[in-house]
Amino acid sequence: MATENKNLSVYDKTTIPNAKNLRFGIVVSQWNGKITEGLYNGALSALLDCGAVVENIIRWDVPGSFELTYGAKKMILKHEPDAIIVIGSVIQGETKHFDFVCSATAQGIKDLNVKYNTPVIFCVLTDNTMQQAIDRSGGKHGNKGTEAAIAAIQMAVLGN
């Protein structure tokens, strides 16, 4: 497992650009809200720790992970942020629904990155169990939201 011995919340602040003048969008799935709120809190904390200001961070909620692509697209068009983080959690169930939602969400976010000049960071957990999601949203493996925020900062300044 990729996160087996890695804490997702660890970063070297001296290597991260200052985010003071950057604008961020965060689109959060309401499905599996305990997990997505943990991811959001990790992302927000990291952005603020790296200099971002609250006034430059826009949050929108959408019903589920499948809707993240549309929410991010609308945010790009309406607010033109420097980067967007999409936050979701899909947990394996007994049907193929998991496969379809995960695939469509990943493809949709990839398509936004190809079409627009705004980086959209994929922070969607696709876990087999709730415990795995808990472990990656502020649990024993740290917080994938933190990792996504650092990626958002780095991508926002790429090429500038």
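Heavy-atom basis, side chains included; hydrogens, waters and symmetry copies ignored.
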Criterion side chain to side chain contact (heavy atoms under 4.5 Å, CB included) on Met130 and Ile35, from CA distance to verdict: CA-CA 9 Å; Met130 178 62 80; Ile35 302 304; 3.8 Å; yes
Taking [Y]'s backbone N and O only, do any of them form a donor-acceptor pair with [X]'s side chain (distance below 3.5 Å, no angle check)?
X	Y	result
Gln132	Asn128	yes
Arg136	His141	no
Ser137	Gly38	no
Glu67	Gly64	yes

Distance, nearest 0.5 Å, that separates [atom1] of [X] from [atom2] of [Y]:
X	Y	atom1	atom2	value
Ile26	Cys123	CD1	SG	9.5 Å
Met75	Phe24	CE	CZ	12.5 Å
Ile121	Ile109	CD1	CD1	10.0 Å
Arg59	Tyr40	CZ	OH	5.5 Å
Ile57	Leu47	CD1	CG	5.0 Å

Measure the shortest side-chain to side-chain distance between [X] and [Y] over non-hydrogen atoms and say whether it is less than 4.5 angstrom.
X	Y	answer
Leu112	Lys73	yes
Val120	Ile76	yes
Ile16	Gln154	yes
Thr69	Asp111	no

Assess whether atom [atom1] of [X] is packed by more than 12 heavy atoms of other residues, nucleotides or ligands within 6.0 Å.
X	atom1	result
Asp12	CG	yes
His79	NE2	yes
Trp60	CH2	yes

Qualifying residue for side-chain contact (heavy atoms from CB on, under 4.5 Å) with Leu125, from Ile91, Val90, Leu39: Leu39
Asp135 and Gln131: side chain donor to acceptor below 3.5 Å: yes
